[in-house]
Protein chains: 4
Amino acid sequence: MAGVNKVIIVGNLGNEPEIRTMPNGEAVANISVATSESWRDKNSGEMREITEWHRIVLYRRLAEIAGEYLHKGSKVYVEGRLRTRKWQDQNGQDRYTTEIQGDSLQMLDSRGDRAQSGGYAPQQSGGYAPQQQAYAAPASRPAQQTTAKPAAQPEPPIDFDDDIPF
Amino acid sequence: MAGVNKVIIVGNLGNEPEIRTMPNGEAVANISVATSESWRDKNSGEMREITEWHRIVLYRRLAEIAGEYLHKGSKVYVEGRLRTRKWQDQNGQDRYTTEIQGDSLQMLDSRGDRAQSGGYAPQQSGGYAPQQQAYAAPASRPAQQTTAKPAAQPEPPIDFDDDIPF
Amino acid sequence: MAGVNKVIIVGNLGNEPEIRTMPNGEAVANISVATSESWRDKNSGEMREITEWHRIVLYRRLAEIAGEYLHKGSKVYVEGRLRTRKWQDQNGQDRYTTEIQGDSLQMLDSRGDRAQSGGYAPQQSGGYAPQQQAYAAPASRPAQQTTAKPAAQPEPPIDFDDDIPF
Amino acid sequence: MAGVNKVIIVGNLGNEPEIRTMPNGEAVANISVATSESWRDKNSGEMREITEWHRIVLYRRLAEIAGEYLHKGSKVYVEGRLRTRKWQDQNGQDRYTTEIQGDSLQMLDSRGDRAQSGGYAPQQSGGYAPQQQAYAAPASRPAQQTTAKPAAQPEPPIDFDDDIPF
DNA sequence: TTTT
DNA sequence: TTTT
């Protein structure tokens with residue numbers, strides 16, 4: 001890598017996550033997250049607000065987590081990187097879309113929140129959303145290993161086989 | 001500034017905020033915020049967890065907001081900078097304490113959260129915690145202006161006197 | 001503000017900055033900054049690289065600094081926020097462009113760097129690029145004050161009128 | 001993980017890195033990185049500056065890179081997390097030291113920079129410092145795998161076995 | 001399209 | 001001392 005390409009978003013989902021499965025069986029999720037700013041207009045003196053919608057794409061384990069635990073209205077912390085992809089519209093014209101590829105995801109709603117909010121409760125019975133940060137697995141790992149030992153674990157404090165490092 | 005000194009913390013307060021007033025009348029708040037990591041020990045196979053406590057100091061408007069709206073258990077987003085200060089213990093020995101000076105604060109509990117959680121409801125009747133990000137005022141501004149026009153407003157989208165910039 | 005909308009970019013300019021002046025006399029700069037990632041393709045075993053170009057817009061004092069000190073090839077740290085704006089192409093179709101609005105800028109080339117690199121030396125004689133971080137002025141400040149006391153100063157450590165705070 | 005514990009530092013090393021080897025053969029590096037702020041004192045009108053020194057610890061591959069390529073004066077970007085560790089001084093008193101555990105490191109000096117700057121040139125003949133971002137390997141991976149396939153590679157853009165994902 |  |  002030459003350089004740093006980092007995005008940090010905290011906001012609420014505007015819709016249910018959209019989940020797809022790739023030909024190779026891996027999951028992809030798209031979520032749309034809002035942030036907004038408000039300020040007092042210096043001419044009229046009135047409050048104004050602008051909302052920014054962030055299109056976020058999640059892969060693999062993060063996509064699965066999004067599909068299981070995120071819902072319209074969920075508040076999330078997402079850390080990722082910008083990725084602009086080129087595509088062609090129906091007229092064959094080049095078009096560009098900028099997305100955030102999420103590398104880390106954290107749910108910010110408390111459990112009670114979800115319990116109380118009815119519509120946002122997890123779909124499945126047990127329905128426990130681990131209040132954990134989930135990390136994206138490096139794509140260079142063989143897929144089977146990603147499955148066998150999901151790399152989406154939070155990076156632990158360094159331990160040297162339990163020899164205290166300090 | 002030569003360099004970048006930036007900290008981003010999302011976590012929960014371990015205690016009620018401690019609020020003081022400086023000789024010049026300005027407020028200072030100290031909050032203690034926990035983050036934690038958990039991982040599976042690769043020898044024992046057991047889950048382990050480590051909690052990190054962050055000592056955060058807030059000044060002026062941010063301190064006032066902390067005093068009004070934050071409570072033990074509150075979840076916050078804090079952006080700030082590291083500051084290590086030197087002091088002397090009772091033996092005259094040099095000691096160092098590293099704190100995060102918060103430049104921006106955002107409450108992450110939903111309102112219903114606070115309403116439901118009893119103990120964490122705002123102290124004052126109106127008790128409405130604006131779900132806004134508050135910014136620290138640059139200290140170089142004259143204090144009276146900070147008071148008259150609290151700089152803790154979110155930075156607005158740039159507008160050129162309402163001539164649309166794009 | 002509801003939420004956090006933050007971008008951090010470290011990379012090199014692909015072109016000379018483009019500087020414009022708004023009708024109200026304020027400066028606007030556009031810079032294009034590259035970041036890249038490289039990785040080993042897990043099938044072919046070959047190294048591959050992808051470059052991401054970030055369109056960054058700077059206002060006021062930051063735009064002036066960009067015009068004076070940045071050049072094709074300059075390495076910068078930019079902190080800002082995402083802003084997607086809508087416009088219409090020649091066919092009247094809605095199009096969207098995502099930009100980073102820079103709120104803070106820092107030049108990362110050492111002075112010797114520029115001196116040696118020939119083409120990138122500052123245009124003006126004195127040509128000293130202050131190794132400082134420059135911040136955007138909140139737009140809500142009256143323009144004349146922004147001019148008189150450019151808010152692009154680094155935010156100082158809090159001082160209580162020189163009563164040491166710790 | 002409950003929460004986010006993130007630090008971003010851009011600054012210069014105040015000394016040569018200190019490299020040690022752990023009993024299990026893994027490398028650990030300590031570097032000390034300065035950031036500074038300057039501002040105009042609002043009473044005296046004079047410029048003042050404060051320097052903050054950040055103690056950063058790097059493990060494994062990052063430690064090796066630090067040992068090979070970093071030197072007194074090197075400019076670096078470091079992303080990591082805060083870690084406060086407790087120790088006892090010679091009087092048996094509890095003491096605390098806050099460090100940044102670096103998870104990602106990037107050298108910001110251009111190659112020409114180092115070549116020209118004499119004292120900071122890499123120690124070894126080839127002496128080419130890859131202008132790459134290096135990431136820490138999760139400690140939960142078996143050490144031998146970390147060695148065999150060093151996880152310190154930059155995370156690639158997601159590719160689905162070369163089926164274009166978009 | 002969210003949230004306050 | 002928090003949270004999950």
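Any value given below was found using the heavy atoms of this structure, including those in side chains, with hydrogens, waters and symmetry copies removed.
Distance from the side chain of A:Lys72 is smallest for E:dT1 among the nucleotides F:dT2, E:dT3, E:dT1. Taking every side-chain heavy atom of B:Ser32 into account, F:dT1 is the closest of F:dT3, E:dT1, F:dT1.
Between the CG atom of A:Leu70 and the P atom of E:dT1 there is a distance of 20 Å, given to the nearest Å. If you take CE of B:Met107 and C1' of E:dT3, they are 13 Å apart, rounded to a whole angstrom. In this structure, the CE atom of B:Met47 is 19 Å from the P atom of F:dT3, given to the nearest Å. Distance, B:Lys75 NZ to E:dT3 C1': 17 Å, rounded to whole Å. When rounded to the nearest whole Å, the span between CG of B:Leu108 and P of F:dT4 equals 13 Å. One atom, CZ of B:Arg55, and another, P of F:dT2, lie 18 Å apart when rounded to the nearest Å. Between A:Glu52 atom CD and E:dT1 atom P the separation is 16 Å, expressed in whole Å. Counting to the nearest Å, the P atom of F:dT2 and the CD atom of A:Gln106 are 18 Å from each other.
In this pair, A:Trp53 does not lay its aromatic ring on the base of E:dT2; centres under 5.5 Å and planes under 30 degrees do not both hold.
Here C:Thr97 pairs with C:Trp87 under the side chain to side chain donor-acceptor pair (under 3.5 Å) rule; sequence neighbours left out. Residues passing the side chain to side chain donor-acceptor pair (under 3.5 Å) test with B:Asn30, sequence neighbours excluded: none.
Residue D:Gly102 comes nearest to D:Ala136 through the heavy atom pair O-CB, 4.3 Å, listed as atom of the first residue, atom of the second, then distance. When all heavy atoms of D:Ile9 and D:Val7 are compared, the closest pair comes out as CG1-CG1, 3.7 Å.
On a pure distance criterion of 3.5 Å, a polar donor-acceptor pair joins the side chain of A:Thr51 and the base of E:dT2. Residue A:Asn15 places a side-chain atom within donor-acceptor reach of the base of E:dT1, judged by atom type and a 3.5 Å distance cut-off alone.
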- Task: Mind running salt bridge (Lys or Arg N to Asp or Glu O under 4.0 Å) on C:Arg81 and A:Glu52 for me, showing each step along the way?
- Result: CA-CA 10 Å; C:Arg81 64 188 95 169; A:Glu52 188 71 28; over 6 Å; no
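Between B:Glu49 and B:His54, the one whose closest nucleotide on DNA chain F sits nearer the 5' end is B:His54.
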